[in-house]
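These notes concern the structure reproduced below.
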Amino acid sequence: MLKTRIAVLVSGGGTNLQALIDAQHGGVLQSGEICLVISTRADAYALKRAEKASIPTLVVERRGSDDFESRILAALEQYGIELIVLAGFMSILSKDFVSKYPERILNVHPSLIPSFCGEGMYGLRVHEAALAYGVKVTGATVHFVNEIPDGGRIVYQKGVEIMDGDTPELLQRRVMEQAEWKLLPAATELVSSGIMKGKKE
Ligand code: GAR
């Protein structure tokens, strides 16, 4: 049985990448294998996590590059990637790019979509917006990526309570611990197993 070949795209600390690596080691992610990590930043700590887990890495910086997406596509092709997981990837992929991978790109977003999402809503900004609005519950969403930023079909969603005295940083950590680090590996396994079964038929 051939496992689904996964690439994880990152831009920062990579705690969601770490959750995927741990899920692979712990057996939660068993239908897929992380074959490549691509970072948009050379200084992303996520790269260290990948190297420690002996996963090949590639840096493709967006700034000043007119072949950003074609370099990513070439690497995906080279590694025979079947599923792309955006794990703290701070760049919006073009319509052209996403149309090449229909329902084959997953993203984790740190809110309950359709709240606090879309262009310009990423990282700590999402939690700042949730606190500024005064919602009492937020959470995380794993969804497929289509041509609308944060607009693709939802795979999993989990609510997380907001506490008195929360700061964006405290809230970010709670959303990661209670939702993101569980939902992303579970969704990756779900989609990987579907792809794997499709290959057997
Ligand atoms: C995570 O909270 C992720 O949901 C968010 O950035 C953080 C990355 O952390 N992604 C977005 O906001 C995308 N719109 P990590 O690098 O430690 O996984």
Side-chain angles (χ1 to χ4, degrees), residues 6-24 28-29 34 36-53 55 57-62 72 84-94 97-98 105-133 135 137-162 166-188:
I6 301 169
V8 184
L9 275 52
V10 298
S11 300
T15 64
N16 279 288
L17 167 66
Q18 190 65 55
L20 289 167
I21 293 170
D22 294 347
Q24 192 172 297
V28 171
L29 175 55
I34 307 166
L36 177 66
V37 169
I38 301 178
S39 174
T40 56
R41 293 180 60 128
D43 62 353
Y45 188 70
L47 288 169
K48 297 244 176 340
R49 298 181 189 271
E51 281 157 21
K52 214 170 152 198
I55 301 167
T57 60
L58 178 72
V59 176
V60 182
E61 283 177 332
R62 178 147 223 167
I72 294 178
I84 302 162
V85 179
L86 309 185
F89 181 70
M90 300 305 178
S91 209
I92 291 180
L93 294 167
S94 72
F97 186 109
V98 300
I105 311 177
L106 285 172
N107 179 47
V108 60
H109 182 78
S111 75
L112 293 174
I113 289 175
S115 290
F116 313 117
C117 64
E119 220 164 329
M121 272 293 177
Y122 56 83
L124 267 185
R125 287 187 189 188
V126 179
H127 305 292
E128 282 162 7
L131 291 175
Y133 196 96
V135 292
V137 177
T138 184
T141 305
V142 177
H143 63 94
F144 285 111
V145 174
N146 67 5
E147 67 287 356
I148 301 156
D150 295 323
R153 187 161 70 85
I154 290 171
V155 180
Y156 287 134
Q157 223 166 18
K158 188 169 188 282
V160 173
E161 251 182 83
I162 290 179
D166 262 350
T167 60
E169 290 78 8
L170 281 173
L171 184 56
Q172 179 181 53
R173 182 79 195 179
R174 189 177 317 114
V175 169
M176 284 175 159
E177 280 175 359
Q178 294 185 8
E180 294 186 49
W181 298 340
K182 293 177 185 157
L183 294 191
L184 189 60
T188 303

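As the structure lists them, so they are numbered: ligands from 1, and atoms in each ligand from 1. Values reported hereafter were calculated over all heavy atoms of this structure, with side chains retained and with hydrogens, waters and symmetry mates removed.
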How far is [atom] from its nearest protein heavy atom, and which residue and atom is that?
atom	answer
atom 13 (C) of ligand 1	Val108 O, 3.9 Å
atom 6 (O) of ligand 1	Met90 CE, 3.2 Å
atom 9 (O) of ligand 1	Met176 CE, 3.4 Å

Pair Thr138, Ser111: side-chain N/O donor-acceptor within cut-off below 3.5 Å | no
Would you say the side chains of Arg62 and Ser91 form a donor-acceptor pair under 3.5 Å?
->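 There is such a pair (donor and acceptor under 3.5 Å, judged by atom type) between the side chains of Arg62 and Ser91.
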Quick check on [X] - does any of its heavy atoms sit under 4.0 Å from an atom of ligand 1?
X	answer
Arg125	no
Val10	no
Ala46	no
Gln18	no

Near Arg174 CZ, under 6.0 Å, is it more than 12 heavy atoms from other residues, nucleotides or ligands?
->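 Check passes, neighbour count above 12.
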Could you give the distance from [atom1] ([X]) to [atom2] ([Y]), rounded to the nearest 0.5 Å?
X	Y	atom1	atom2	answer
His143	Tyr156	NE2	OH	15.5 Å
Thr57	Leu47	OG1	CG	5.5 Å
Leu86	Ile92	CG	CD1	11.0 Å
Leu17	Ile34	CG	CD1	6.0 Å

Below 4.0 angstrom, N of the basic side chain to O of the carboxylate: do Glu177 and Arg173 qualify?
-> yes
Sub-4.0 Å atoms of ligand 1 with respect to non-hydrogen atoms of [X]:
X	value
His109	14 (N)
Tyr122	12 (O), 14 (N)
Met121	14 (N)
Glu180	1 (C), 2 (O), 3 (C), 4 (O)
Gly123	11 (C), 12 (O)

Please say whether [X] places an N or O atom under 3.5 Å from an N or O atom belonging to ligand 1.
X	result
Phe89	no
Thr15	yes
His127	no

Distance-only, no hydrogens or angles: does the Gln157 side chain make a donor-acceptor pair with backbone N or O of Ile113 under 3.5 Å?
->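 Yes; at least one donor-acceptor contact below 3.5 Å.
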Donor-acceptor contact present, side-chain Arg41 to main-chain Val10, <3.5 Å = no
Going by heavy-atom distance to atom 16 (O) of ligand 1, choose the closest among Gly88, Gly14, Gly120.
-> Gly14
